[in-house]
*Asks:* 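There's a structure below that I have some questions on.
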Amino acid sequence: MNDSLHQLRCFGCRARVTGAEAKPDFRCALCGDLFEVEYPGWSQRKGPDRPNPGALKWLWRERRCSSEELDHSGVWRFRELLPILDSFDNIVTLREGNTPLYHLPRASKALGIDQLFAKHQGMNPTGSFKDTGMTAAMSVAKERGFEWVACASTGNTSAAMAAYAARAGLRSLVVIPEGKIAWGKLSQAMDYGAVTCQLKADFDGCLRLLTQIVNEAPIYLLNSVNPYRLEGQKTPALEIAETFDWNVPDHLIVPGGNLGNSSALGKGFREMHELGLVARLPRISVIQAAGANPLVRSFETSHGAALEPVEAHTRATAIRIGNPASWRKAARVIQETGGWCLDVTEAEIAIAKAAVGAEGLGCEPASAVTLAGLKKLRAQGAIEPGETVVLMLTGHALKDADYTIDFHRGTLLTDEESVGLESEIEGLRRNAQVVEATPAAVLAAMKDSVG
Ligand code: F0G
């Protein structure tokens, strides 16, 4: 591992260790907090290891036309900003990243914001944003000679880990809450060959148990407590800045579960700013489901200084997390960038998800909290019509097809959950109909749909 270019710094007590010295659970031996990857050469203004912003922008653009495999990855195309490996030969890539940034014309119009975009991370190889982090941390696992990797997951991390482990020729262990993850994700872990253990525990319990296991056996932990995951997950921030010709959007809205992603994107923008690649930071806001909102509560009660775990309940199973590991990092990102932290109800999530579907994009429920959160922020007057807003859509619509079908059949939400939103819900529902096999019947169904 490239310990000369990077080190790990504890987020709590600032103690520094090399990559090789970190404990298997990636907790600081002195204070128990998490680490962040730090590149000491970047702080010396004129040092040889400090990247040159102009040269990098040119190089990264050139790589888009390259035929090298590494340059086809939207993570490793930016490899100068994640010098964590000794040898690029250890890189495990599925050509992740380079995901599309779509304009959302219907939502733009409905919310009165012209410049509203979705960065669709669901368009990654295993269908979620986790691939960008997994390529980075799996490459480290391979370089360090591990035979086994493991994660606790609400589904997407396990799908990504199983796929990248298979590519790397490593064995993988998945620990998931029984009955609480979407079938699409479970099917991926099985198909990619992971040993999959469903536990009678929630995500937080699964992660606790796995932490004990990795402290006893030589297994490389690939949850987002692993700081190398966040190095990969910061690269969508680079892609966004590059798409806007190195002018950052005014506002980025991210779903919050274990809070690794908001932390990683914040780090990406912060580093670009420190290196002179961009002139300012976007506001970064984190949206949680109302039934799984420990960070929202933390902001309400202590401005993000302390977090009380909650028992989490939401149908957006990806973010059904009550005790998020990276909450301190995410709180700092929100505070540093002047963002907001708020929650949205089950009905608001379902409506927003259907609205993303109606744009021809689709996403999984956890991703839709971003649009639901934006609606709330607009209603509160927190976002002006002239601002540029990017929603991070974290997962593909097909990850959780049951949720989508239940919504359109009208069986997803209870009457209580839908109160006051019935007409909005009805306007978005498109149930499949059983129709007689005649042209007249099909044409009649089309006519009915026009109303
Ligand atoms: N969106 C999706 C689709 C997710 O799968 C997750 C997290 C999040 C948002 C929240 O991101 O945890 O970084 O705040 N899924 C994890 C998993 C926990 O195991 O797949 P976060």
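Order of listing sets the numbers, starting from 1, for every ligand and every atom in it.
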*Asks:* In the protein, which heavy atom is nearest to atom 6 (C) of ligand 1, and how far is it?
*Replies:* F129 CE2, 3.6 Å

*Asks:* Going by ring-ring contact (aromatic ring centres under 6.0 Å, His included), name the residues that satisfy it together with H120, two or more places apart in sequence or in a different chain.
*Replies:* none

*Asks:* Checking a contact table here: which protein heavy atom is nearest atom 12 (O) of ligand 1, and how many Å away?
*Replies:* N258 N, 2.7 Å

*Asks:* Please confirm whether the backbone N or O of I113 pairs with a side-chain atom of S108, one donor and one acceptor, at under 3.5 Å?
*Replies:* yes

*Asks:* From atom 10 (C) of ligand 1, work out which of T370, I319, I181 has a heavy atom at the shortest distance.
*Replies:* I319

*Asks:* May I ask you to say whether K267 pairs ionically with E271, meaning some side-chain N is under 4.0 Å from a carboxylate O?
*Replies:* yes

*Asks:* Checking the side chain of T337 only, and the main-chain atoms of I284 only, is there a donor and an acceptor separated by less than 3.5 Å?
*Replies:* yes

*Asks:* For atom 7 (C) of ligand 1, what is the nearest protein heavy atom, given as residue, atom name and distance?
*Replies:* K130 NZ, 3.1 Å

*Asks:* Which option, N261, L230, T157, owns the non-hydrogen atom nearest atom 17 (C) of ligand 1?
*Replies:* T157

*Asks:* Any idea which atoms of ligand 1 are less than 4.0 Å away from a heavy-atom of E364?
*Replies:* 3 (C)

*Asks:* Tell me, which pairs form a ring-ring contact (aromatic ring centres under 6.0 Å, His included) where one or both residues lie in residues 137-181, sequence neighbours left out?
*Replies:* F146-Y220

*Asks:* For the 3.5 Å polar cut-off, considering only N or O atoms, please tell me whether S158 and ligand 1 meet it.
*Replies:* no

*Asks:* Any nitrogen or oxygen of L259, side chain or backbone, less than 3.5 Å from one on ligand 1?
*Replies:* yes

*Asks:* By number and element, which atoms of ligand 1 are closer than 4.0 Å to a non-hydrogen atom of I321?
*Replies:* 18 (C)

*Asks:* How far is atom 5 (O) of ligand 1 from its nearest protein heavy atom, and which residue and atom name does that atom have?
*Replies:* N156 ND2, 2.8 Å

*Asks:* Pull out every atom of ligand 1 sitting under 4.0 Å from any heavy atom of G260, numbered as shown with elements.
*Replies:* 13 (O), 14 (O), 21 (P)

*Asks:* Looking at A318, which atoms of ligand 1 are within less than 4.0 Å of one of its heavy atoms?
*Replies:* 2 (C), 3 (C), 4 (C), 5 (O), 6 (C), 7 (C), 15 (N), 18 (C)

*Asks:* Closest non-hydrogen protein atom to atom 18 (C) of ligand 1, residue and atom name please, with distance?
*Replies:* T154 OG1, 3.4 Å

*Asks:* Could you check whether H251 and W340 have their ring centres less than 6.0 Å apart?
*Replies:* yes

*Asks:* Would you call K399 and E364 a salt bridge, using N to O less than 4.0 angstrom?
*Replies:* no

*Asks:* Give a yes or no on whether a salt bridge exists between E424 and K375, defined as a side-chain N under 4.0 angstrom from a carboxylate O.
*Replies:* yes

*Asks:* Indicate yes or no: does an N/O atom of S153 lie under 3.5 Å from an N/O atom of ligand 1?
*Replies:* yes

*Asks:* Where's the contact between A366 and ligand 1, heavy-atom distance under 4.0 Å: side chain, backbone, both or neither?
*Replies:* side chain

*Asks:* Check if S224 has a non-hydrogen atom at a distance under 4.0 Å from any atom of ligand 1.
*Replies:* no

*Asks:* Determine whether the side chain, the backbone, both or neither of K185 has a heavy atom under 4.0 Å from any heavy atom of ligand 1.
*Replies:* neither

*Asks:* Around atom 9 (C) of ligand 1, find the nearest protein heavy atom and jot down its residue, atom name and distance.
*Replies:* T394 OG1, 3.6 Å

*Asks:* What residue among F88, Y228, W76 forms side-chain contact (heavy atoms from CB on, under 4.5 Å) with S139?
*Replies:* W76

*Asks:* With heavy atoms of G256 as the reference, note each atom of ligand 1 found under 4.0 Å away.
*Replies:* 14 (O)

